[in-house]
Chemist: 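Structure provided below as structure tokens; questions to follow.
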2 protein chains.
Amino acid sequence: MATLKEISQIVGVHPSVISRVLNDDQTLKIKDSTRKKILQTVKELNYQPNRMARNLKMNKTNMLGIVIPDIGNPVYSDIIKGAESEANANGYSLLIYSEHNKKKNEFLKLIKDNHVDGLLIASHELEHEIILELESSKKPFVIVNGKHSSSDNYVVLDDKAAGKLATEHLIELGHKHITHISGPIYADSAIQRLQGYREALHQNNYDFKSANVIESQYTIDSGYEAMKEIIKNHTLPTAIFAANILIALGALKAMKEHEIKVPDDISIIGLHDTYFTSILSPSLTTIQMPLFELGVNSVKSILQNIEDKQASPGKIIHGASLIKRESTAEFKI
Amino acid sequence: MATLKEISQIVGVHPSVISRVLNDDQTLKIKDSTRKKILQTVKELNYQPNRMARNLKMNKTNMLGIVIPDIGNPVYSDIIKGAESEANANGYSLLIYSEHNKKKNEFLKLIKDNHVDGLLIASHELEHEIILELESSKKPFVIVNGKHSSSDNYVVLDDKAAGKLATEHLIELGHKHITHISGPIYADSAIQRLQGYREALHQNNYDFKSANVIESQYTIDSGYEAMKEIIKNHTLPTAIFAANILIALGALKAMKEHEIKVPDDISIIGLHDTYFTSILSPSLTTIQMPLFELGVNSVKSILQNIEDKQASPGKIIHGASLIKRESTAEFKI
DNA sequence: CTGTTAGCGCTTTCAT
DNA sequence: ATGAAAGCGCTAACAG
């Protein structure tokens, strides 16, 4: 790989001049002929500035990190796509840090050793001390898809509206007994979705019964267990609102095992739409969330923070929408 | 962030000594008392070596890149998990470069500007000149899940065995008319899988008919179109072998639209197993491939290359296995 | 047992 | 219109 020094020897000009030409230094006055010669040799030698040197000098890596629980989860891949697209558009690359299989909170190293210029954190289990450590690090961070009492740097979806929309859909179909399989209650998104469920019930003069809420993790296995519990312990509801796509899949699996027919015996709506929801049989009615935009906006927030040196306030990305498919149907006696 | 210099001032010793202590320099002779004092202050100040400085000095980033077509594709997320796990185990982090939405061949920049120490390339469309550029860069690379005539640096699955296994399964079930929806024929994996299909037919005294092979891309949409074509133009086969999970999903979608019942009207087996195959209705019979191991071994290859400065020869990761589910059934007249 | 020195490749301020 | 010099934080060879 060619270095500035080598180029400078060929062109017969000082390295610093080349640097200034390449970085479009406006204050630089230079003969058009030398500029041309420089540009030409740069092209000929296929020169690429050494990123490591530049990083050290500028104290900046032009990398953002995103911490996610599991890269296999389609929810995160959509967020990542948005984040990456916005990052790239601004000259940054995105380092994906999947917590799957890693020591807890190890991601802090990304910040401490200057691996990244800023961090998007889409992890559920954020402890208070971690927030403090992040804040003391002086590097920008933003909590994606969740809130935390100790920080105002967040970008979230309108989970409450989504929960309400899902529940209203089931109510409109005439369902009376609607069970919600919620996410883990330590996750803000789960709380908001549950809240939306409650609001929809309330506005339609339904009684809220805590027995109709089963807590689950955002995983297939946990959704499966939750649904089995519902089947075992309760009179079967006529409709299910699953707080997340993986929970919905797990619930479907349990229903299948117990030969419960969807939507004849029970309707189900899932939160988050993904590429295979329309291929399931029956196809799954979902609430589509603007995950890509969530990623985009999270990066926008953090870049603003990096440039202006001040955190932008919490943002909510609106835009939950119902995608009606086969898994929900009118309630018939 | 504390620097070596700061620590050295506190301890009252030269920066380089601290460096040597932290890097476990065996040739270093030092008083236990000073070593202790150093270690203690390092811990107290929560010192982390500055990665950018180290990178520049060592001419090494301890990052590997992996180039994939699309991060949303579950096939790649399994490969990534394996690659990341092996990379982390060796002190490397993995930069995921998803080509989705990027300019073609732009990933070469990762190598040229020293962003990564080596590159795993799991992209289908690798042109000859790109291989040449990669080779001239002198940085290690390995082609993952594909071969290329101009390079021996590859790690692949046993796609031929997988194609054979899938086809044999359908033959054993008594199917006579088995159509293969193949991957793009410029991809080595597609060629191998087709080859396996042919071998299985041949060994069972079936005639191979090229009309029974429909070429497709490794995408849902393309699988969908391929299946529609099969439905429209041909007498319907009794069994389908889809060269990839996404193709299988697309085919299922087309069948659903045309109210073709699986497995009553037609059996289907897909290649690659993923988290939702068992939840589909009917659940999908698949060939499970060792994608995680593919990732692991690709990283092993490249690390060996980085350390020994010489490429390890092409590797095949064996271990395709049949997962029998509901989508394939005995052929009945 | 510890200090000195040089330098990785780049950017930026100041001097000419 | 261009050159010189300093320095980012670290490591490694060599000196004492």
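We name chains A, B, ... by the order of the sequence lines, and we start the count at 1 in each one.
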Chemist: In whole Å, what is the span from the CZ atom of B:R20 to the C1' atom of C:dT5?
Modeler: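 So the CZ-C1' distance, B:R20 to C:dT5, works out to 12 Å.
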Chemist: Can we say B:E99 and B:K104 salt-bridge, meaning some charged N sits less than 4.0 Å from an Asp/Glu carboxylate O?
Modeler: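 Salt bridge: no.
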Chemist: CG of B:L28 versus P of D:dA13: gap in Å, rounded?
Modeler: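 Taking atom P of D:dA13 as the reference, CG of B:L28 is at 14 Å.
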Chemist: Between C1' on D:dC10 and CG on A:L56, what's the gap in Å once rounded to a whole number?
Modeler: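 Interatomic distance, CG of A:L56 to C1' of D:dC10: 8 Å.
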Chemist: When we call it a touch if two heavy atoms are under 4.0 Å apart, what does A:N59 touch: a base, just sugar-phosphate, or nothing?
Modeler: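 Nothing, no heavy atom under 4.0 Å.
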Chemist: Below 4.0 angstrom from OP1 or OP2 of C:dT11, is there any side-chain N or O of A:N23?
Modeler: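 Yes, because at least one side-chain N or O of A:N23 sits under 4.0 Å from OP1 or OP2 of C:dT11.
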Chemist: Salt bridge between B:D113 and A:R51, side-chain N to carboxylate O under 4.0 Å?
Modeler: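 Salt bridge between B:D113 and A:R51, a charged N being under 4.0 Å from a carboxylate O: yes.
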Chemist: On DNA chain C, check which nucleotide each of A:Q48 and B:T34 is closest to and give me the residue with the more 5' one.
Modeler: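 Upstream on the strand: B:T34.
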Chemist: Answer yes or no: does a side-chain N or O of B:S16 lie under 4.0 Å from OP1 or OP2 of D:dA12?
Modeler: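 Indeed not, no polar side-chain atom of B:S16 lies that close.
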Chemist: From D:dC10, C:dC10, C:dG3, pick the nucleotide closest to the side chain of B:V17?
Modeler: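 Nearest to the side-chain atoms of B:V17, counting from C-beta on, is C:dG3.
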Chemist: Rounded to the Å, how far apart are A:D117 CG and D:dC8 P?
Modeler: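 Spelled out: CG on A:D117 to P on D:dC8 is 19 Å.
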Chemist: Figure out the CG/C1' separation between B:D32 and C:dT2, and round it to whole Å.
Modeler: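 From B:D32 CG to C:dT2 C1': 15 Å.
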Chemist: Using atom CZ of A:R54 as one end and atom P of C:dG9 as the other, report the distance to the nearest whole Å.
Modeler: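 These atoms are roughly 15 Å apart.
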Chemist: Are B:S19 and D:dT11 close enough that a side-chain N or O sits under 4.0 Å from OP1 or OP2?
Modeler: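 So the side-chain polar atoms of B:S19 do come within 4.0 Å of the phosphate oxygens OP1 or OP2 of D:dT11, strictly under.
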Chemist: Categorize B:K31 for me: base, sugar-phosphate, or nothing, with a 4.0 angstrom heavy-atom threshold over every strand shown.
Modeler: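 Touches sugar-phosphate only.
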Chemist: Taking only side-chain nitrogens and oxygens of B:Y47, does any of them come within less than 4.0 Å of OP1 or OP2 of D:dG9?
Modeler: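 B:Y47 to D:dG9 OP1/OP2: no side-chain N or O under 4.0 Å.
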Chemist: Mind checking if A:M58 touches a base, just sugar-phosphate, or nothing, with heavy atoms under 4.0 Å?
Modeler: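 Sugar-phosphate: the residue A:M58, judged by heavy atoms under 4.0 Å, touches backbone atoms but no base.
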Chemist: Between A:E6 (CD) and C:dC8 (P), how many Å, whole number?
Modeler: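 So the two atoms are 11 Å apart, to the nearest Å.
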Chemist: Does the B:D24 side chain pair with the main chain of B:R20, one donor and one acceptor, at a distance under 3.5 Å?
Modeler: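 Judged by distance alone, no pair lies under 3.5 Å.
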Chemist: With distance as the sole test, does A:D70 use its side chain to make a donor-acceptor pair with the main-chain N or O of A:H100 at under 3.5 Å?
Modeler: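 No, A:D70 side chain to A:H100 backbone: no donor-acceptor pair under 3.5 Å.
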Chemist: Output the single nucleotide from D:dC10, D:dA5, C:dG3 whose closest atom is nearest the side chain of B:K57.
Modeler: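 Looking only at side-chain atoms, B:K57 lies closest to D:dC10.
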Chemist: Rounded to the nearest 0.5 Å, what's the gap from CD1 on B:I121 to CD1 on B:I130? Could you check?
Modeler: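 Rounded to the nearest 0.5 Å, the CD1-CD1 separation comes to 9.0 Å.
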Chemist: Just the rounded figure in Å: distance from P of C:dC8 to CG of B:N114.
Modeler: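 After rounding, the gap between these two atoms is 14 Å.
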Chemist: When we call it a touch if two heavy atoms are under 4.0 Å apart, what does B:P49 touch: a base, just sugar-phosphate, or nothing?
Modeler: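 Result for B:P49 = sugar-phosphate.
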